[in-house]
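To start, the structure itself, in structure tokens.
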Amino acid sequence: MSLSAPLEHHKVSLLHALDRDDRQQLNRQLPELRSADIGEILHDLLSDGHELRARALLDSLPLERQANVLGYLHDEEQLVFTAVMRNDKLQAVLEEMGSDERADLFKVLGEDRREVLLRRMAHREREQLMRLASYEEGTAGALMTADYVAIPMGMTVSRAMMRVRQTAPDAETVYQLYIIDEDGCLAGTMSLRQLMVARPGTVVDDVMIRDVIRMSVDTAQEEVARAVARYDLLAVPVIDEQGLLVGIVTHDDALDVVESEATEDIHKGMSIGQLEDGVTRVPLLSLYRKRVTWLVLLVFGNLLSGAGIAYFEETIAAQVALVFFLPLLIGSGGNAGAQAATLMVRGMATGDVGVRDWGKLLGRELLVAGSLGLTMALAVAPIGVMRGGEAVALVVAISMISIVLFGSLLGMCLPFVLDRFGWDPATASAPLVTTLIDASGVLIYFSFATLILS
């Protein structure tokens, strides 16, 4: 994690203040930094092995700020700080955190520590924490926060404004309000602007929007993030099996999901297994295991290319000039296939492409890939004439069109095939596509060469 120049300057200055125990400088400088920036400084201190300095820096903050900063740290970094906290201090920190961050921190603590903290909590807080911590990771329930503004049906606008003022200090957002019936079920929603411009005596039932986009607690977090982006929502309400409003997912949490999912797809796109943490924090053995499986499998896949070359030894011996064009042809096919696969995988991830579109996309890809192959064939044909004559140029041109066409269609279809068998389409990665095209490209090229040149 790199620091900008101003932040690096703050880091150095804070370290000097900590070493001198200069409380005045700390009290003067820390309020100038955002919590996210302090979290980044703590991360770098831990990465550099300055654990005591990091703890001293966190202890220099007010309790509320400590809780906020901890929310920006990763699980193992949170454990470094919470491991030395007394139970009463840790409980106070948890109480200052938002409900979603509190549940995340609670889940990384040891079982014994959880039991001690739960016994110290009020019944309502304990029930809420246990409920939020019980949802499966990767779902709307695990992503949501319980800090929202709920207004009962039948309440007037003036009383609703009073409710907003009372609950605003603890709410994740006050710009979107949620109307619930007497059973706690979600009945509607309204923006703070709608509430402010409505007549004071108007009942919120007459102002609220009844057609509410909502998610279930077990909805995949990717679908939640997609809904937030699609409908430009500040937050999306989350309901349980009975329709009760149990939380909301805010747009900033949805943005974190988008970033996480994009990172995961990029890793899969290069045949890397899902990493539990950032690349700088993953253990070396884990990083090795995540990369080695596909690499070994692709090694055996590349043996097919060698077998194809060995099969056509006589053709190659008769026309040595053919070898010059082999990397060019299979590389072009691999690049075209990787492009097509990337377009399909990303389209499927964003919901722009579905299985129903396969036929239409196949026709479009045939036209585009054929045009690309023809263009590349015209570009390389003069080189073929110079290197081996008109016959070799013809072989290279026909092979270029065929390999690019085959590679593009393979790259387009493979994500759909993987999805049909319940596998992640992102597995149709550039290394996988290029390895398959390498083997098939060799067969296509030398088959045309044998047919034409003989």
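In what follows, residues are counted from 1 in the order of the sequence shown. No experiment lies behind these values; they were computed from the predicted model shown.
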Sorted by chain and number, sequence neighbours left out, salt bridge (charged side-chain N to carboxylate O under 4.0 Å, His left out) with E51 holds for R55
Across all chains, not counting sequence neighbours, the ring-ring contact (aromatic ring centres under 6.0 Å, His included) partners of Y135 are none
Across all chains, not counting sequence neighbours, the side-chain hydrogen bond (donor to acceptor under 3.5 Å, both in side chains) partners of D252 are T250
Sorted by chain and residue number, the side-chain hydrogen bond (donor to acceptor under 3.5 Å, both in side chains) partners of D48 (sequence neighbours excluded) come out as K11
Residue set satisfying side-chain contact (heavy atoms from CB on, under 4.5 Å) with E64, at least two apart, ordered chain then number -> E96
Please tabulate, one pair per line, all N/O donor-acceptor pairs under 3.5 Å involving side-chain atoms of residues 367-394, not counting sequence neighbours.
from, atom 1, to, atom 2, distance (Å)
S371, OG, L367, O, 2.8
T375, OG1, S371, O, 2.8

The side-chain contact (heavy atoms from CB on, under 4.5 Å) partners of V320 (sequence neighbours excluded) come to none
Under 3.5 Å, which donor-acceptor pairs link side chains of residues 145-154 to any protein atom two or more places apart or in another chain?
from, atom 1, to, atom 2, distance (Å)
T145, OG1, S99, OG, 2.7
T145, OG1, D147, N, 3.2
D147, OD2, S99, N, 2.9
D147, OD2, S99, OG, 3.4
Y148, OH, L245, O, 3.2

Quick note, side chain to side chain donor-acceptor pair (under 3.5 Å) partners involving residues 313-326, not counting sequence neighbours, are T315-T450
Applying side-chain contact (heavy atoms from CB on, under 4.5 Å) to N68 and not counting sequence neighbours gives S35, Y72
side-chain contact (heavy atoms from CB on, under 4.5 Å) filter on L409, not counting sequence neighbours, yields L362, E365, L366, L405
Contacts satisfying side chain to side chain donor-acceptor pair (under 3.5 Å) that involve residues 175-188 (not counting sequence neighbours) are Q176-T189
